[in-house]
Amino acid sequence: MSNELQGIKIAILAADGVEKVELEQPREALERAGAQVQLLSLKAGQIQARNHDLEPAGAFDVDREVSDASVGEFDGLVLPGGTVNPDKLRLNDSAVSFVRDFVVSGKPVAAICHGPWTLVEAGVAVGRTLTSYPSIRTDLRNAGAHVVDEEVVVDGNLITSRSPSDLPAFSDTLVKQLEHATTG
């Protein structure tokens, strides 16, 4: 374990239907770098994960409900994908407000695959350069984003990637952006 993110607290916001690897791999990279990571969700207990959206892939224990969390407690936010997960998040006022407040705070927010759907609902995609899974790119454009097809895109405090195949670059970029944001 390295120490570049020692003392840094990161929230991962996810709900039932989260793509397992899109939660696991960034979390592991953050923890290896020394960050403390909490899984926030819409309800207490566990959330059900998926592989390729359809196959059950176990469960993750939720640390806290997003309605009980505040942006001030965290240094960064991760929004994993899977189609069902962000669809559930964008229907929840507490989750949408948390994401909006996080982006507005200027702290790093990383979203992969279908994760940027929540950015659309939060109204923070306008004028931003983003990437995502191909099927939601029209939604991003309609929300006012400039959409590109790249492995990882960094636009200010937003970090986005397209799919699980981009996870190594997404996770590396996330750690580097957090290190830069928290050390000045």
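- E22 contributes a side-chain N or O that, together with a main-chain N or O of G81, makes up a donor-acceptor pair within less than 3.5 Å.
- Transitive grouping of hydrophobic side chains (ILVMFWY, heavy atoms separated by less than 4.5 Å) brings V37 and V175 into a common cluster.
- Using a 4.5 Å cut-off on side-chain heavy atoms (C-beta onward), T173 and Q177 make contact.
- Note that CD1 of I136 is 9.0 Å distant from OG1 of T131, once rounded to the nearest 0.5 Å.
- The line from OH of Y133 to CD of E19 is 9.5 Å long, rounded to the nearest 0.5 Å.
- Donor-acceptor pairing under 3.5 Å is lacking for the side chains of E121 and T118.
- Ring geometry for F74 against F102 counts as tilted: the plane angle lies between 30° and 60°, on a 0 to 90° scale.
- Of the inter-residue distances, the one linking I10 atom CD1 with E31 atom CD reads 10.5 Å to the nearest 0.5 angstrom.
- Remark: the backbone N or O of A15 is paired with a side-chain donor or acceptor of N85 at under 3.5 angstrom.
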**OP:** Show the numbers, then the answer: is there a side-chain contact (heavy atoms from CB on, under 4.5 Å) between Q25 and F170?
**Re:** CA-CA 9 Å; Q25 287 187 25; F170 177 74; over 6 Å; no
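- Note on L5: it clusters hydrophobically with V152, by side-chain heavy-atom contacts below 4.5 Å among ILVMFWY residues.
- Remark: side-chain polar atoms of D63 are paired, donor with acceptor, to backbone N or O of L39 under 3.5 angstrom.
- Defined by atom type and a distance below 3.5 Å, a donor-acceptor pair is present between the side-chain atoms of W117 and D139.
- Linking Ile, Leu, Val, Met, Phe, Trp and Tyr whenever their side-chain heavy atoms come within less than 4.5 Å puts L167 and L174 in one cluster.
- To the nearest 0.5 angstrom, L13 atom CG is 7.0 Å from L42 atom CG.
- In this structure a side-chain-to-backbone donor-acceptor pair under 3.5 Å is missing from N3 to Q6.
- Taking every heavy atom of both residues into account, Q38 and R64 meet most closely at OE1-CD, 3.1 Å.
- Within a 6.0 Å sphere centred on CG of D93, heavy atoms belonging to other residues, nucleotides or ligands number 12 at most.
- Across all non-hydrogen atoms, the minimal contact from P26 to L23 is CD-O, 3.6 Å.
- Formation of a donor-acceptor pair under 3.5 Å by the K9 side chain with backbone atoms of G76 is not found in this model.
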Residues 49-57, side-chain donor-acceptor partners within the protein, below 3.5 Å, at least two apart:
from	atom 1	to	atom 2	distance (Å)
D53	OD1	T83	N	2.8
D53	OD1	T83	OG1	3.4
D53	OD2	T83	OG1	3.4

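- Counting heavy atoms from C-beta outward, L91 and K88 have side chains that stay 4.5 Å or more apart.
- From L130, atom CG reaches atom CD1 of I159 across 11.5 Å, with rounding to the nearest 0.5 Å.
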**OP:** Check the pair D16, Q48 against side chain to side chain donor-acceptor pair (under 3.5 Å), reporting the backbone distance first and the verdict last.
**Re:** CA-CA 5 Å; D16 287 328; Q48 300 303 308; 5.1 Å; no
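- Other residues, nucleotides and ligands contribute more than 12 heavy atoms inside 6.0 Å of the NZ atom of K107.
- Partners of R128 according to the salt bridge (Lys or Arg N to Asp or Glu O under 4.0 Å) rule, which considers only residues two or more places apart in sequence or in another chain, are D155.
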**OP:** Report the C-alpha separation of H114 and S135 in whole Å, then their side-chain angles, then the decisive distance to 0.1 Å, and conclude whether the side-chain contact (heavy atoms from CB on, under 4.5 Å) test is met.
**Re:** CA-CA 8 Å; H114 289 76; S135 66; 3.3 Å; yes
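- Minimum heavy-atom separation, V78 to L30: CG2-CD1, 4.1 Å.
- Between F98 and S70, the closest heavy-atom pair is CE1-C, 3.7 Å.
- S41 places a side-chain N or O within donor-acceptor distance of the main-chain N or O of A14, the cut-off being under 3.5 Å.
- Under the 4.5 Å side-chain contact rule for hydrophobic residues, L77 and L89 share a cluster.
- Within the 3.5 Å criterion, the main-chain N or O of I112 finds no donor-acceptor partner in the side chain of T160.
- In this structure, N157 contributes its side chain and V103 its backbone to a donor-acceptor pair below 3.5 Å.
- With hydrogens and angles ignored, the 3.5 Å screen pairs no side-chain donor or acceptor of D75 with any backbone N or O of I8.
- In the hydrophobic cluster analysis, where Ile, Leu, Val, Met, Phe, Trp and Tyr join through side-chain heavy atoms closer than 4.5 angstrom, I12 is grouped together with L178.
- Between L40 and V62, the shortest heavy-atom contact is C-CG1, 4.5 Å.
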Donor-acceptor pairs under 3.5 angstrom involving side-chain atoms of residues 140-150: please list them, not counting sequence neighbours.
from	atom 1	to	atom 2	distance (Å)
N142	ND2	T138	O	3.4
D149	OD1	R137	NH2	3.3
D149	OD1	R162	NH1	3.0

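- The structure places OG of S163 at 9.0 Å from CD of E151, a figure rounded to the nearest 0.5 Å.
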